[in-house]
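Worksheet for the structure shown next.
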Amino acid sequence: MHELSIVEALIGQVEAEVERAGARGQVARLKLSIGRLSGVNADAVRFAFELLTPGTRLAGAELEIDEPKAVCLCAACGARTEIEELSLGCPACQSGDITIDGGREMLLETIDVDEFDR
Amino acid sequence: MWKTRSRAAPLSRLRPILDQTGLFMKIVAAQKILKANDQLAEENRRRFSASGVFGVNIVGSPGCGKTTLLEALIGRFGDSLAPAVIEGDIAGSIDAQRIDALGVPVVQINTDGACHLDAQMVNAAASNFDLGQLDLLLIENVGNLVCTAGFDLGEHRRIVLLSVPEGDDKIAKYPAIFRGSHALAITKIDLLPHFDFSVDRVVADMRRLAPAARIFELSAKSGAGVAEIGDWLQAEIAYTASR
């Protein structure tokens with residue numbers, strides 16, 4: 001469950017960003033991007049978020065997680081396959097002569113702060 | 001050949017944009033989660049390098065032989081290198097006692113349930129040592145093939161261990177930790193006659209995930225492979241010091 005400490009760090013990071021932007025309200029929505037190959041499970045992040053946000057500025061915030069896939073490019077057969085987990089060979093021809101592109105990102109994209117109800 | 005390219009980290013500059021409704025302030029953060037850990041890890045690495053200390057993060061499952069490898073390396077280096085050890089465990093100080101018995105400075109981190117070390121813990125633990133007196137900081141991570149993968153500690157090299165009894169399918173099942181490691185040590189190879197463990201499969205899987213990683217076959221029982229991994233580490237230390 002490294003997702004727990006990741007969400008713990010995320011809460012601190014969001015609070016710092018909100019502070020820095022000079023916003024004063026509660027966080028209403030949070031958008032993250034967690035790639036399929038990042039080694040972080042989005043459902044576990046949602047669970048940890050529910051667990052850790054009460055009492056913080058993120059309490060009750062809507063959590064939106066984008067989970068981009070990676071692309072496997074095969075030098076042997078030329079296939080370009082979207083993959084959801086790290087593969088050791090080309091899904092089309094099994095060749096090991098492949099390049100894996102993307103899917104590893106773990107990003108805090110946007111924070112929506114409710115400035116109406118302040 | 002295996003190459004990995006990840007999207008370049010976007011500008012972490014903050015651009016507050018007011019939503020059209022005017023009710024929300026949208027903050028476009030576009031920054032890495034765990035930015036704080038990555039920054040602190042970078043700071044650790046700079047601090048170690050400035051003191052001429054080479055940091056090694058040792059990862060692997062519980063019982064794969066991490067502490068045994070540390071003992072063997074410490075024995076091999078003798079007086080040629082001044083090592084210190086950080087032991088990461090959920091509880092207890094069994095491993096730290098084993099290192100202490102060798103007369104090597106050791107700090108035990110109890111993570112209190114956390115399944116991995118992070119840069120902050122290592123930063124605090126390293127403050128217990130006089131870094132100027134050390135050449136090598138061996139950091140034994142919590143036994144875990146999953147959670148340890150995401151946390152840079154500020155090490156210069158990461159060694160992942162895979163013991164024969166764990167099975168030869170572990171690289172395919174836990175790719176992240178193997179992919180980011182500089183060396184793989186296959187441990188307990190004296191047990192090969194008793195297990196259906198294909199060293200060839202493990203080597204092939206590792207080659208695909210981490211083509212540049214060195215692979216060692218070790219046995220604490222016979223001492224096989226200790227010289228090879230020790231020599232590699234010494235060469236890496238010399239190479240890093242020369243840069």
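A note on names: the letters A, B, ... follow the listed sequences, proteins ahead of strands, and every chain is numbered from 1.
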Original post:
How far apart are the closest heavy atoms of A/Ala21 and B/Met25, and which atoms are they?
Top reply: O-CE, 4.0 Å
Subject >> Proximity breakdown for B/Phe151 and chain A, heavy-atom pairs closer than 4.5 Å >> reply: side chain
Original post:
Does atom CZ of B/Phe216 have more than 12 heavy-atom neighbours from other groups under 6.0 Å away?
Top reply: yes
Original post:
Between B/Ala172 and chain A, which part of the residue has a heavy atom less than 4.5 Å away: side chain, backbone, both or neither?
Top reply: both
**OP:** Mark yes when over 12 heavy atoms from residues, nucleotides or ligands other than A/Arg80 sit less than 6.0 Å from its CZ; otherwise mark no.
**Re:** no
Original post:
Of all heavy-atom pairs between B/Arg208 and A/Gln94, which one has the smallest distance, and what is that distance?
Top reply: NH2-O, 3.8 Å
Original post:
How far does CG of A/Leu86 sit from CD1 of B/Ile171, to the nearest 0.5 angstrom?
Top reply: 11.5 Å
Original post:
A/His2 and B/Leu34: side-chain contact (heavy atoms from CB on, under 4.5 Å), yes or no, with the steps?
Top reply: CA-CA 11 Å; A/His2 54 313; B/Leu34 288 185; over 6 Å; no
Subject >> Nearest-0.5 Å distance that lies between atom CG in B/Asp118 and atom CD in A/Glu8 >> reply: 9.5 Å
Subject >> Choice from B/Gly150, B/Pro175, B/Ala204 maximising heavy atom contacts with chain A below 4.5 Å >> reply: B/Pro175
**OP:** Could you tell me which of A/Ile111, A/Val14, A/Val40 has the largest number of non-hydrogen atom pairs under 4.5 Å with chain B?
**Re:** A/Ile111
Original post:
Does atom CG of B/Asp196 have more than 12 heavy-atom neighbours, drawn from other residues, nucleotides or ligands, at distances under 6.0 Å?
Top reply: no
Original post:
Which atoms form the tightest heavy-atom contact between A/Leu108 and B/Ile33, and what is the distance?
Top reply: N-CG1, 3.6 Å
